[in-house]
Amino acid sequence: MKDLLRTEHLTRDDVELLLDTAAQFAAEPLRSKDALAHKSVAIYMTKPSTRTRLASQTAVAHLGGSPIVLRGDDLQLGRGESIADTARIFSGYCDAIIVRTFAQSDVDELGKFSTIPVINALTDDDHPTQLLADWLTIRETFGKDVSGRKFVYLGDGNNMAQQAIETAQKIAAKSGATIEVTNDPESAAKDASVLYTDVWMSMGDPESEKQEKIKSLAPFAVTDALLSKTSKDSIFMHCLPAHRGEEVMESVIDGPKSVIWREAFHRRTTIQSLLFHLTRGEIKGSL
Ligand code: CP
Ligand code: NVA
């Protein structure tokens, strides 16, 4: 597989490989310091980013390459040049593209017309590089065998959750996992190993929805009371940025069960791993 456009395109073996290599990059950041020597990676973002942008830039630097950071209005795309033509130009100058934007179809199109790897760094539908960092953090905490463990996502159905349910149901039918969707946060949290949440207003969500969302999602906020229902060894996760006091209470996100800083740290190690393997053509994919 040339690109990472959607999480579901990764096979279990791909994920294992990517996480194993990311763990090595965590221990030894410069272990492949010439892998991208004399190569350039475009990092093109039309939405704000703190973690993904820094993680991408430092990942490229650790592999010996040059990151080229471009904002939405930097390119002729904004003046009507097509994605296909832009993809061809990127392919002539660069060795990979990391892209964050709104429509998933734009990222798919960039992948289709590029000859170099394209990595989805967040769209309205998916955030695959975040999920790799999350899995590595979960694996570090519980080990590789997570069978029998319960993972709970609470809150808004956005690019970190809802879009994946149908696909997850299909994969679960084969893997033996169970996927449940419930409106009862307490029963969801009972004996859970992971409580995960994200902001209730994602980038691009209309402001007009804000008050209604805050009202309807309030019972799904991650509080100490909810956390007390989870298993003894449970962890709290959040992709960040967080709105403390809204989707998660300060005492939880800054408390002993929170692994948010390790999760954020692994954004670099996993993007480094992805760049390393994709540019070497080592990701099999399930396309
Ligand atoms: N988690 C995440 O993608 O953070 P940024 O929006 O800061 O990149
Ligand atoms: N759901 C959030 C994730 C940010 C990393 C957003 O899209 O704004």
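Worth knowing before you read on, the calculation uses all heavy atoms, side chains too, and leaves out hydrogens, waters and symmetry mates. Every number for a ligand or one of its atoms is a count from 1 in the order of the listing. All figures in this text were calculated on a predicted structure; none of them were measured in a lab.
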Looking only at side chains, do [X] and [Y] share a donor and an acceptor under 3.5 Å apart?
X	Y	value
Ser147	Asp145	yes
Thr101	Asp106	no
Ser251	Asp224	yes

Can you pull out the closest protein heavy atom to atom 7 (O) of ligand 2? Residue, atom name and distance to 0.1 Å, please.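 Result: Asn159 ND2, 2.8 Å.
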Protein contact to atom 8 (O) of ligand 2 [nearest heavy atom, distance to 0.1 Å]: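 Heavy-atom neighbour on the protein nearest atom 8 (O) of ligand 2: Met203 N, 2.8 Å.
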Report the hydrophobic cluster partners of Val99, with the cluster defined as I, L, V, M, F, W, Y residues connected by side-chain heavy atoms closer than 4.5 angstrom, directly or transitively. Leu5, Tyr44, Ile68, Leu70, Leu75, Leu77, Ile83, Phe90, Ile97, Val107, Leu110, Ile116, Val118
Find out whether Phe151 and Ile138 are in side-chain contact, i.e. whether some heavy atom of one side chain is under 4.5 Å from a heavy atom of the other. yes
Do the side chains of Lys2 and Leu278 get nearer than 4.5 Å, heavy atoms only?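 No, their side chains stay 4.5 Å or more apart.
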Can you check whether [X] has an N/O within less than 3.5 Å of an N/O in ligand 2?
X	value
Ser202	yes
Leu122	no
Asp198	yes

Within the 4.0 Å heavy-atom shell around Asn158, which atoms of ligand 2 are there?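 Those atoms are 1 (N).
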Any donor and acceptor pair, going by atom type alone, linking the side chain of Thr230 with main-chain N or O of Leu227 inside 3.5 Å?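 Yes; at least one donor-acceptor contact below 3.5 Å.
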Can any side-chain N or O of Ser202 pair as donor or acceptor with the backbone N or O of Asn158 at less than 3.5 Å?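 Answer holds: no.
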For ligand 2, note which part of Leu240 has a heavy atom under 4.0 Å away: side chain, backbone, both or neither.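 Just the backbone.
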Any protein N/O atoms within less than 3.5 Å of an N/O atom in ligand 1? List the atom names and distances, or say none.
residue: ligand 1; atom: 1 (N); partner: Gln130; partner atom: OE1; Å: 2.9
residue: ligand 1; atom: 1 (N); partner: Cys239; partner atom: O; Å: 2.8
residue: ligand 1; atom: 1 (N); partner: Leu240; partner atom: O; Å: 2.9
residue: ligand 1; atom: 1 (N); partner: Arg267; partner atom: NH1; Å: 3.4
residue: ligand 1; atom: 3 (O); partner: Thr52; partner atom: OG1; Å: 2.9
residue: ligand 1; atom: 3 (O); partner: Arg100; partner atom: NH2; Å: 2.9
residue: ligand 1; atom: 3 (O); partner: His127; partner atom: NE2; Å: 2.8
residue: ligand 1; atom: 3 (O); partner: Arg267; partner atom: NH1; Å: 3.1
residue: ligand 1; atom: 4 (O); partner: Arg51; partner atom: NE; Å: 2.9
residue: ligand 1; atom: 4 (O); partner: Leu240; partner atom: O; Å: 3.4
residue: ligand 1; atom: 6 (O); partner: Arg100; partner atom: NH1; Å: 2.8
residue: ligand 1; atom: 7 (O); partner: Thr50; partner atom: N; Å: 2.7
residue: ligand 1; atom: 7 (O); partner: Arg51; partner atom: N; Å: 2.9
residue: ligand 1; atom: 7 (O); partner: Arg51; partner atom: NE; Å: 3.1
residue: ligand 1; atom: 7 (O); partner: Arg51; partner atom: NH2; Å: 3.0
residue: ligand 1; atom: 8 (O); partner: Ser49; partner atom: OG; Å: 2.6
residue: ligand 1; atom: 8 (O); partner: Arg51; partner atom: N; Å: 3.4
residue: ligand 1; atom: 8 (O); partner: Thr52; partner atom: N; Å: 2.8
residue: ligand 1; atom: 8 (O); partner: Thr52; partner atom: OG1; Å: 2.6
residue: ligand 1; atom: 8 (O); partner: Arg100; partner atom: NH1; Å: 3.4
residue: ligand 1; atom: 8 (O); partner: Arg100; partner atom: NH2; Å: 3.2

Between Asn120 and Arg6, is the side-chain contact (heavy atoms from CB on, under 4.5 Å) condition met? List the steps. CA-CA 7 Å; Asn120 175 352; Arg6 297 168 189 245; 5.5 Å; no
